[in-house]
Structures are given as structure tokens and as C-alpha cells.
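Single-structure report; data block below.
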Amino acid sequence: MGAFFLDMSNPFPSGASGIFHGGPGDGGHVGNQWYEAFGMDFGAPVGIEVVAVFDAKVTDFKHPAPAPGVFGDQIWMRAANATLDPNDPGGVGIFYTHLQADSSVSIGASIARGSVIGTISSGTPSHLHFALAERRGGTNFGVNLYSAFKAGINTATVMTVRFPQDGNPPTIL
């Protein structure tokens, strides 16, 4: 399988607020689930819009009851150009939480890059938890965009991520 490329932007229309709580492997981002281990936290005031960072399909959506450490809706999406094997669902997945989902978000919905998927909900402190990974051959490869977003990339800035499909990690071009 050859490399593929995915254009993406910041999850905040005007860029992150400048408050950063840690990227993959930092700030409590550990765990057995890819959406924990590869997580990135970007501070934002309650009510700020969150947008889809690339064209994707919603694969799971949860509106969990409030519990310790759980603040707001949870949205899992998969890149529109990802190849899916029913025996090993692969491709690029993204996870968003600590938000109030927009009414357009439902399982199976196709969401275009830049479309509003929700607003930041209350949390301590208020922030967006965001994780990105590629699943290939039963293994998850995290994509660390923390530094790029921290540098001020906004939704008007499109960055391309290359997924080599050869055992090497994804890279930002």
C-alpha cells in the first residue's frame, strides 16, 4: 500500500487560545486506548466553536453522564479517504471530547473540514482533548500535532500530513 496524504487544520477557527496542557505522553496522556495515549489538550473558553480538522465520517458518538474526569460529549471520526478492512478497521481516526456537540453530529454523518462540530463545554480547566492516530495492521501510530497547533496554525492554514504506510510514523509536510 502506498503513502497517502491528508490535509488538515486547527480545531479552532481562529487558532488555539495559547493555553496548552500537554501533548502525547505528557500532561496525563497515557493509557491503553489510542485516544488517551495520543491525546493533546488545548485550552479554550467555554462556548468557543470547535471544527473538524479534516473531512471525516462520525464512527461513534457518546453523550456520557457527568462523572469524574468526563466533561462533555465524545466524538470519534475516521478520515474520509481511509481504507477500512472489516477484519482490522484501519485508517486515520480522530477523537474530540470536552465539548457540546453540534446537532449535525451523529453516527454515520460525513463532516467536512472546517465544519463546526460543537463548542467547548465546562471542564477544569476548560479545554479540548483531541487525539489523532493511524491504525495499520492492528497497531496504532499516534500523530503528534501538538507543536504545530501550539505554534499558532489556524483553520485558514492547511497543513498536509503524510502517512507513509511502511512502518514509519506520519510526518507533517
Side-chain angles (χ1 to χ4, degrees), residues 6-24 26-29 31 33-67 69-82 91-134 140 142-161 170 172:
L6 192 58
D7 290 336
M8 61 181 54
S9 56
N10 193 295
F12 299 108
S14 60
S17 70
I19 302 167
F20 300 90
H21 304 293
D26 182 34
H29 297 114
Q33 301 296 330
W34 67 269
Y35 49 87
E36 297 166 344
F38 303 128
M40 299 166 258
D41 286 345
F42 303 108
V46 172
I48 293 293
E49 289 183 334
V50 176
V51 299
V53 300
F54 54 75
D55 295 343
K57 182 174 272 193
V58 178
T59 57
D60 200 1
F61 171 66
K62 290 186 175 40
H63 182 76
V70 176
F71 305 101
D73 296 334
Q74 301 169 338
I75 304 169
W76 286 264
M77 301 170 85
R78 193 168 300 278
N81 68 343
V92 177
I94 192 160
F95 173 72
Y96 305 84
T97 192
H98 305 315
L99 52 83
Q100 171 76 43
D102 186 76
S103 61
S104 64
V105 175
S106 62
I107 295 175
S110 293
I111 310 286
R113 181 172 57 85
S115 297
V116 174
I117 59 169
T119 57
I120 297 294
S121 63
S122 61
T124 309
S126 61
H127 67 281
L128 174 69
H129 176 91
F130 171 88
L132 180 65
E134 176 190 18
N140 291 311
V143 181
N144 188 350
L145 302 175
Y146 188 73
S147 295
F149 290 150
K150 193 172 180 179
I153 288 174
N154 61 38
T155 54
T157 305
V158 176
M159 66 180 149
T160 302
V161 178
I172 300 171

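Note that this is a predicted model, so its numbers are computed, not measured.
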Of all heavy-atom pairs between [X] and [Y], which one has the smallest distance, and what is that distance?
| X | Y | result |
| --- | --- | --- |
| F54 | R78 | CE1-C, 4.4 Å |
| S126 | I120 | CB-CG2, 4.0 Å |
| T59 | I107 | O-CG2, 3.9 Å |
| G72 | S121 | CA-OG, 3.7 Å |
| S104 | A109 | O-CB, 3.7 Å |
| S110 | K57 | OG-CE, 3.8 Å |

F95 and Y35 aromatic ring geometry - parallel, tilted or perpendicular at 30°/60° bounds: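 Answer is tilted, since the angle falls between 30° and 60°.
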Parallel, tilted or perpendicular: rings of Y96 and F130 (30°, 60°):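 Perpendicular: the ring planes of F130 and Y96 meet at over 60°.
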[X] side-chain N/O to [Y] backbone N/O, donor-acceptor pair under 3.5 Å:
| X | Y | value |
| --- | --- | --- |
| T160 | D7 | no |
| S9 | V158 | no |
| D73 | Q100 | no |

Stepwise side chain to side chain contact (heavy atoms under 4.5 Å, CB included) check, L128 with F12: CA-CA 9 Å; L128 174 69; F12 299 108; 3.7 Å; yes
Can you tell me how far apart [atom1] ([X]) and [atom2] ([Y]) are? Round to the nearest 0.5 Å.
| X | Y | atom1 | atom2 | result |
| --- | --- | --- | --- | --- |
| D102 | I111 | CG | CD1 | 8.0 Å |
| D55 | M77 | CG | CE | 9.0 Å |
| L132 | M40 | CG | CE | 5.5 Å |
| Q74 | T97 | CD | OG1 | 4.5 Å |
| H98 | F42 | NE2 | CZ | 12.5 Å |

Residue pair I75, L99: steps toward the side chain to side chain contact (heavy atoms under 4.5 Å, CB included) verdict: CA-CA 9 Å; I75 304 169; L99 52 83; 3.7 Å; yes
